[in-house]
Undergrad: 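First the structure, then my questions, so here it is.
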Amino acid sequence: MTRPLPLLAFALVAAPALAQGFSALKGHDSNAPIDISSNHIEVQDRADRAIWSGNVHAVQGDMTIDAQRMTVAYVHATKPGEDPQIQRIDASGGVTVVSPTERAKGNFGIYDLNRKLITLIGGVTLTRGTNVVNGARLVIDMNSGRATVDGNPPANGATPPK
């Protein structure tokens with residue numbers, strides 16, 4: 001079990017059966033602390049990052065993120081006793097983001113906290129109720145609440161042409 005850090009978490013969006021929709025979490029409190037647990041944690045303080053690996057489970061409010069690995073890039077606090085400021089979270093290995101009404105899956109996830117953008121790439125599936133959207137990339141803009149799925153997943157598991 002690892003120590004919790006206040007992080008901004010991935011948010012999940014809703015998309016109807018079309019390629020774009022609106023985030024159900026537009027008003028989600030992204031300043032709330034997040035608790036991360038994993039089999040292993042490595043803090044690379046000189047590189048301003050921490051790496052969680054093995055069954056990583058992150059919780060922020062009613063949102064959860066699961067992956068095999070998460071790397072958090074941060075800036076040291078400017079005053080004693082303050083928490084580091086998280087700049088970016090990268091997740092890999094079967095990334096799943098879940099809210100009470102939605103589920104998104106992808107091979108990789110990137111959360112740019114400064115721009116408030118969440119991107120899932122590689123074999124993306126977005127599910128809300130009975131609606132399912134598949135694609136190559138999901139981009140969530142937490143400022144506008146807009147979610148966009150684009151690219152086509154390979155048909156029947158075939159490898160796309162290069």
Side-chain angles (χ1 to χ4, degrees), residues 5 7-32 34 36-40 47-75 85-162:
L5 282 179
L7 305 176
L8 293 169
F10 289 96
L12 182 61
V13 300
L18 302 173
Q20 75 181 28
F22 291 93
S23 172
L25 297 173
K26 183 177 178 186
H28 179 73
D29 182 9
S30 60
N31 292 316
I34 185 169
I36 301 177
S37 62
S38 68
N39 295 343
H40 180 74
D48 296 334
R49 70 178 166 221
I51 302 167
W52 284 265
S53 59
N55 301 310
V56 184
H57 180 71
V59 178
Q60 182 185 41
D62 57 3
M63 300 295 301
T64 63
I65 306 113
D66 293 297
Q68 285 304 305
R69 180 180 172 100
M70 283 188 199
T71 302
V72 176
Y74 59 87
V75 175
Q85 296 297 310
I86 306 304
Q87 302 294 308
R88 177 178 165 132
I89 300 171
D90 294 335
S92 62
V95 180
T96 303
V97 182
V98 179
S99 77
T101 60
E102 302 148 330
R103 174 181 295 270
K105 293 182 179 184
N107 296 330
F108 302 95
I110 301 164
Y111 182 27
D112 182 333
L113 281 70
N114 294 326
R115 295 176 56 201
K116 294 190 178 189
L117 290 176
I118 299 164
T119 305
L120 292 179
I121 55 176
V124 172
T125 300
L126 176 62
T127 305
R128 182 177 198 197
T130 59
N131 295 319
V132 178
V133 178
N134 295 303
R137 181 177 68 162
L138 166 64
V139 178
I140 305 155
D141 184 333
M142 293 181 68
N143 290 310
S144 68
R146 184 176 177 174
T148 305
V149 175
D150 58 22
N152 294 322
N156 299 323
T159 305
K162 293 186 179 193

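In this chain, residues are counted from 1 in sequence order. FYI, side chains are in, hydrogens and waters are out, and symmetry mates aren't considered; it's all heavy atoms of this structure.
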Undergrad: Show the nearest heavy-atom pair for residues Arg115 and Asp112, with the distance to one decimal.
TA: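 Smallest heavy-atom distance, with atoms named: N-OD1, 3.1 Å.
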Undergrad: Mind checking what makes side chain to side chain donor-acceptor pair (under 3.5 Å) contact with Thr125, not counting sequence neighbours?
TA: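 Counting only residues at least two positions away or on another chain, Thr125 forms a side chain to side chain donor-acceptor pair (under 3.5 Å) with Asn134.
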Undergrad: Could you pull out all residues at least two apart from Asn107 that satisfy side chain to side chain contact (heavy atoms under 4.5 Å, CB included)?
TA: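 None.
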Undergrad: Is any side-chain heavy atom of Lys105 closer than 4.5 Å to a side-chain heavy atom of Leu120?
TA: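 They are not in contact (no side-chain heavy atoms under 4.5 Å apart), so the answer is no.
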Undergrad: Going by ring pair (Phe, Tyr, Trp, His ring centres under 6.0 Å), name the residues that satisfy it together with Tyr74, two or more places apart in sequence or in a different chain.
TA: His76
Undergrad: Over all heavy atoms of both residues, which pair between Gly109 and Val95 is shortest? Give the atoms and the distance, please.
TA: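 Scanning both residues, the minimum pair turns out to be N-CG2, 3.8 Å.
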Undergrad: How long is the straight-line distance from CD1 of Ile110 back to OG of Ser92, given to the nearest 0.5 Å?
TA: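 So the OG of Ser92 and the CD1 of Ile110 are separated by 10.5 Å.
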Undergrad: Can you sort out the partners of Arg137 under salt bridge (charged side-chain N to carboxylate O under 4.0 Å, His left out), two or more places apart, ordered by chain and number?
TA: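 Applying salt bridge (charged side-chain N to carboxylate O under 4.0 Å, His left out) to Arg137 gives Asp150.
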Undergrad: Within the 4.5 Å heavy-atom criterion, are Thr96 and Arg103 side-chain neighbours or not?
TA: yes
Undergrad: Does the side chain of Leu126 come within less than 4.5 Å of Arg128's, by heavy atoms?
TA: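 No. Closest side-chain heavy atoms not under 4.5 Å.
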Undergrad: Enter the distance from Ile65:CD1 to Ile89:CD1 here, rounded to the nearest 0.5 Å.
TA: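 That separation rounds to 7.0 Å.
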Undergrad: Partners of Arg88 by salt bridge (charged side-chain N to carboxylate O under 4.0 Å, His left out), sequence neighbours excluded?
TA: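 Salt bridge (charged side-chain N to carboxylate O under 4.0 Å, His left out) check on Arg88 returns Asp90.
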Undergrad: Excluding sequence neighbours, so at least two apart, what forms side chain to side chain contact (heavy atoms under 4.5 Å, CB included) with Gln87?
TA: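 If we apply the side chain to side chain contact (heavy atoms under 4.5 Å, CB included) test to Gln87, skipping adjacent residues, the hits are Val75, Gln85, Asn114.
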Undergrad: Is Trp52 close to Val72 at the side-chain level, that is, under 4.5 Å between some pair of heavy atoms?
TA: yes
Undergrad: Taking all atoms of both residues into account, what is the closest heavy-atom pair of Gln68 and Val56, and its distance?
TA: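 Residues Gln68 and Val56, closest heavy atoms: O-CG2, 3.6 Å.
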Undergrad: Quick one: are Ile51 and Arg69 in side-chain contact, heavy atoms under 4.5 Å?
TA: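 The answer is yes; the side chains approach within 4.5 Å.
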Undergrad: How far apart are the closest heavy atoms of Ala104 and Leu138, and which atoms are they?
TA: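 Scanning both residues completely, I find the closest heavy atoms to be CB-CD2, 4.0 Å.
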Undergrad: Nearest 0.5 Å, what's the OG-CE distance between Ser53 and Met70?
TA: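 Here the interatomic distance stands at 11.5 Å.
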